[in-house]
Structures are given as structure tokens and as C-alpha cells.
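Only one structure is covered here, and it is reproduced in the block below.
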Amino acid sequence: MLNLKFIQDNPDVVIEKLKKKNFDATAIVESITELYRKKNNLQTQADQAKAEMNKISKEIGILFRGGKRAEADAAKTRTSELKENIKQYDQQFSEIEGKVNELLVLLPNLPHESVPAGKGADDNEVVKSGGEMPQMEATALPHWELAAKYNLIDFELGVKLTGAGFPVYRGKGARLQRALINFFLAEATKAGYEEVQPPLMVNEASGFGTGQLPDKEGQMYHVGIDNLYLIPTAEVPVTNIYRDVILEAKDLPYKNTAYSACFRREAGSYGKDVRGLNRLHQFDKVEIVQVAHPDKSYEILEQMVAHVEGLVQKLELPYRILRLCGGDMSFTSALTYDFEVYSAAQGKWLEVSSVSNFEAFQANRLKLRFREDGSKKPQIAHTLNGSALALPRIVAALLENNQASEGIRIPKVLVPYTGFEMI
RNA sequence: GGAGAGAUGGCAGAGUGGUCGAUUGCGGCGGUCUUGAAAACCGUUGUACCGAGAGGUACCGGGGGUUCGAAUCCCUCUCUCUCCGCCA
């Protein structure tokens, strides 16, 4: 959520910057600025009326205690009109405030200056590539066939138990999952992130805080009987740790990492790139989250990108880093880097991480603030997060890229975690 | 699932209709004292909005009501805790 005062003071900046996200904010911004003015006028009037009312009430109290009942009763007659006015002011005020809030949540975050213009995935900017592209035999198998051949993942069994997109990992497949989770958590811990194990369901307030609600409601599984949502990413519970808190500037940044299962309905995305592990309803992910000082958040974003890059390098996967264009960025992000690894048998780049700076957008919703040393007024902090990493597509690339006639090779760095070198 | 209790400032915990935005203690910050620290003592210490400022308004879980006036009374919702039952 953008800052209301900022919109009021810089309506043109908001409209101009959002063009890069292919979002025409003109009508919304104009409505907001107009309502804002009305709101302030109403507040001034209401406050004045309330001040007078308070004064009279106090006087009546004093009269009563002094035993001057008649004078007190006389004073009461003046209050009924005031009371009616206050009621009307308050009613109009909350009506307008409600409208402003409805409009505010419609505005996406402003993109950072470095965000390239563009409509979609084709316009993303490749900022870096690394790793060696594997040479594949023509007989190379896609991961879903390898998974079946070595009995690593049973997609059909998942369909029986739950439905499409809920695979069952077994044997060395399950061990590989656990090894990756432990490896990613160990690396994050080494990098100074405190590990947390969050709930896998969140309430509405948390969903709103990080921006999933109200606009992406359809992407989350909803447990209606208790009105809870299955988390689409650990970002939601972990970032919400800091909802409604005021931190000390000297304690920034706060760094957390969490492993969690992630649940996504993926409504409307059937039929494309959904084979095997490419797109699932439930998957595992290790997430990193930071709460940062606004002056430091872009520096920290680069550090987080470097951390993720270290992971794909250690896994010996060919990768590239993209700076997302305005049209491909999420609603909440100011700047996003995506990581893709090359899955050789499919001949496809697969997104395995998304690292974003949300600046004050989430923090504003979360009321996540910090106080500068010696300063009285709290200010809004910045939040960032990134996948480090999402498992399924990493597994897909590992299986495909490392296949050989004698089996599938496990990257050296993972062997202490898997306990085996080959599948 | 059954029964009961409760929700007040960073925390603990008073306050049951009127100078209560809220006693007090702890914690935090500033100071006195000290070579330094501790102790002791003194002071200070919520957030948001409106306003150039002076200042004003709102907030005692959420919403509504009674009243000139509500943290305090009434209604309602949510949440938390305790005990019993069930159970990893």
C-alpha cells in the first residue's frame, strides 16, 4: 500500500511511475486526492464540534458536583444539536475513509528506476548468466521419466491421495528433498539468518499484511470453517512476525529464514508448463526475509541476490539472473530479480527464485516501523524476501542435467546431506 | 465437544459514570552521586490523524447502544486463558 500523503503530494509521480507497470492510475489517484481533501475538511469540522462538546460536558460535570442542577440542565439543551452534527460528520468521515482505503489497495507498488519497461516475460532483462550448459544426448529423459525410472516421485499416487499437483516423493527422491531443505537452511544460517518454523496457515490480517489479500485471494487455499488460508509462501507468516511493531534502528536489519511447504491453487494456469515438477499445488521452499532500513534496502537486495547465486553455483546448475520488467513484476514489488536454472532435457529455463525489495509497500500495510536513535517519530521500514530456494524445479534440473548411463549424479555439496552420491 | 474466566500503555497490574490518555511497579531514556559501575535519589517515557503554529481529536480487543459525559453500564462479535473430554 502506498503512503496516502505521498500520493496527495505527488499525484503525477505516482501516475507516471505506474505507467511502467502498465497501470493507468489516473482515475484512482484523482479520486484519492479529492476524497483526501474532503476527509481533512470533515475531520477539522468534526474535531471542532467534539472539542466544544467535551468542553460543555466538563462544565456540566462541574455544575453537578457544585449542586447547581438547574444550570446543568440548561447546559444540556445546547448539546443535542452538536451531538447530531458530530454523528453526521463521523458517519461521512468513515464513509470517505472507507472509500479511500478501497482505492489505496488497488494501487500497485511503484517500480524502482532501474526496472526496465516491458509488457511480459520476454522483456525481462538478463543481468547475468553463470554455470556450464550441459551437453545432452539425444536420448536424455525429462525429469518426470527419470522420476519414474528410478522410483523417486509418484505423480499418479499423489492424484489418488489428493489430486494433480500433489506428488508423492519416495526413497531417494524423498531423501533428496530433505537434503536440499537442510542444505538451504544451513547456508542461510551461515549467512546470518535466524531460522524460524512458522505456521502453515494464516489468518486474514496476515494475508492482508503481505499483500495476498484482497487481490490474490483466489490463489490461496481457504479453510472456510476456520477462515484460515494455507500459506502460498513462508514470506507471509515470516514477514507478519513484524506486523504492528516498532523496531530500533540499531537492530536493523532483521534476517529470518524458514522452510515451509507452500500451497498454491494456480487457478487458470492449467495446460501450460505443468508437466512433472514444473508447476505444483504443494511444494517445498526455503525462504529468506529481511526487514531493512530504507537507506540500506537496495544494498541488502544485492546481498540477497548474491546469496541465492551462491546456492545455484554450489549446486553446479547453469543459471541466469533476470531483472523483471514493469509488466512482469508483482503487484507488491519495487524491484525483482528472478533466478532461472536450465533444465537440459526439457530445454527450458525454469524459475527457481524471486528476490524482491518491497520498500515500504508491505511495511505500510503491516504498520512495521522503526525508530531512529534519538528520534521520536517512527518511520516505515522496508521489507525484502527471496526464495533460497524453491525445490521442485531445482530437483527437475538436477535430475535432467546430471543424468548418465550409470545413474544420476548428486552434486558434491549435497552428498553430506543425502548420504549417497548417485541415484 | 462441555464448563468457566478474561482482554487496559514495552511488560506486570490498578481503575466500576465526570479534571482518566489513564494510579503504581518493572523495564527504557536523561540527570545527581561515583575513578568507573551498581545501589539510591530526581526527572522523563504510547500511537495515529488534523493544524503553519498555538493547539485540537481519536484510541483501554472489534462493532453498536444508553448518557450532557463511558476504560467503567447494556448488546453483539472476535480472540486468549483455565478445567474436563478426546488426541499427536
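Within every chain, numbering begins at 1; the chains are lettered A, B, ... in the order of the sequence lines, protein sequences first and strands thereafter.
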Please report, rounded to the nearest Å, how far the [atom2] atom of [N] is from the [atom1] atom of [X].
X         : N      : atom1 : atom2 : result
Asp226(A) : G1(B)  : CG    : C1'   : 14 Å
Asp244(A) : U47(B) : CG    : C1'   : 11 Å
Glu59(A)  : G69(B) : CD    : P     : 14 Å
Glu97(A)  : G63(B) : CD    : P     : 11 Å
Phe370(A) : U47(B) : CZ    : P     : 14 Å
Leu247(A) : G10(B) : CG    : C1'   : 13 Å
Arg37(A)  : C49(B) : CZ    : C1'   : 18 Å
Leu63(A)  : G69(B) : CG    : P     : 15 Å

- RNA chain B base-pair string [pairs: Watson-Crick or G-U under 3.5 Å; |: paired with another strand]: ((((((((.[[[..)..(.....]]]((((((.......))))))(((((....))))).[[[[[..)....]]]]])))))))....
- Of Lys83(A) and Asn40(A), the one whose closest nucleotide on RNA chain B sits nearer the 5' end is Asn40(A)
- Message: Centroid separation under 6.0 Å, is that true for the rings of His112(A) and Tyr298(A)?
- Response: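 Yes, the ring centres sit under 6.0 Å apart.
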- Item | Centroid-centroid under 6.0 Å between Phe263(A) and His281(A) rings |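 Not under 6.0 Å, so no.
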If I pick the [atom1] atom on [M] and the same atom on [N], what distance separates them, to the nearest angstrom?
N      : M      : atom1 : answer
A52(B) : G56(B) : C1'   : 15 Å
U23(B) : U16(B) : P     : 14 Å
A38(B) : C26(B) : P     : 16 Å
G13(B) : A71(B) : C1'   : 14 Å
G28(B) : U66(B) : C1'   : 41 Å
A14(B) : U8(B)  : P     : 11 Å
C11(B) : G27(B) : C1'   : 7 Å
C60(B) : A70(B) : P     : 11 Å

- Task: Could you tell me whether the phosphate oxygens of A48(B), OP1 or OP2, come under 4.0 Å of any side-chain nitrogen or oxygen in Arg369(A)?
- Result: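 The answer is yes; a side-chain N or O of Arg369(A) sits under 4.0 Å from OP1 or OP2.
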- Would you indicate, yes or no, if U47(B) has its OP1 or OP2 atom less than 4.0 angstrom from a side-chain nitrogen or oxygen of Arg371(A)? yes
- With sequence neighbours excluded, tell me which residues meet side-chain contact (heavy atoms from CB on, under 4.5 Å) with Ala188(A).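 Ala188(A) satisfies side-chain contact (heavy atoms from CB on, under 4.5 Å) with Tyr193(A), Thr257(A), Ile288(A), His307(A) once adjacent residues are dropped.
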- Query: Pairs in or reaching into residues 410-423 of chain A: which pass side chain to side chain donor-acceptor pair (under 3.5 Å), with residues at least two apart or in two chains?
  - Reply: none
- Sort and list the pairs that fulfil side chain to side chain donor-acceptor pair (under 3.5 Å) and have at least one residue in residues 155-172 of chain A, not counting sequence neighbours. none
- Can you spot which of Glu309(A), Glu125(A), Glu302(A) makes a side chain to side chain donor-acceptor pair (under 3.5 Å) with Tyr337(A)? Glu302(A)
Using modelled atom types only, decide if a donor and an acceptor are shared between the side chain of [X] and the backbone of [Y] within a distance under 3.5 Å.
X         : Y         : value
Gln346(A) : Ser343(A) : no
Asn22(A)  : Gly118(A) : yes
Thr210(A) : Ser206(A) : yes

Please name the pair of heavy atoms, one in [X] and one in [Y], separated by the smallest distance, quoted to 0.1 Å.
X         : Y         : value
Asn109(A) : Phe358(A) : ND2-O, 3.1 Å
Arg369(A) : Pro378(A) : CB-CB, 4.0 Å
Leu82(A)  : Ala49(A)  : CD2-O, 4.0 Å
Ile28(A)  : Leu103(A) : CG2-O, 3.8 Å

Using nucleotides 56-62 of chain B, report all nitrogen or oxygen pairs with the protein that are shorter than 3.5 Å.
unit_1 : atom_1 : unit_2   : atom_2 : d
G56(B) : N2     : Asp47(A) : OD2    : 3.1
U57(B) : OP1    : Asn54(A) : ND2    : 3.2
U57(B) : O2'    : Asp47(A) : OD1    : 3.0

- Check every strand shown and say whether Tyr89(A) touches a base, only sugar-phosphate, or nothing at a heavy-atom separation below 4.0 Å. nothing
Just the table, please: protein N/O against nucleotides 16-18 of chain B N/O, every pair under 3.5 Å.
unit_1 : atom_1 : unit_2   : atom_2 : d
G18(B) : N2     : Ser57(A) : O      : 2.9

- Task: Select one nucleotide: of U47(B), C49(B), C50(B), the one nearest the side-chain heavy atoms of Lys377(A).
- Result: C49(B)
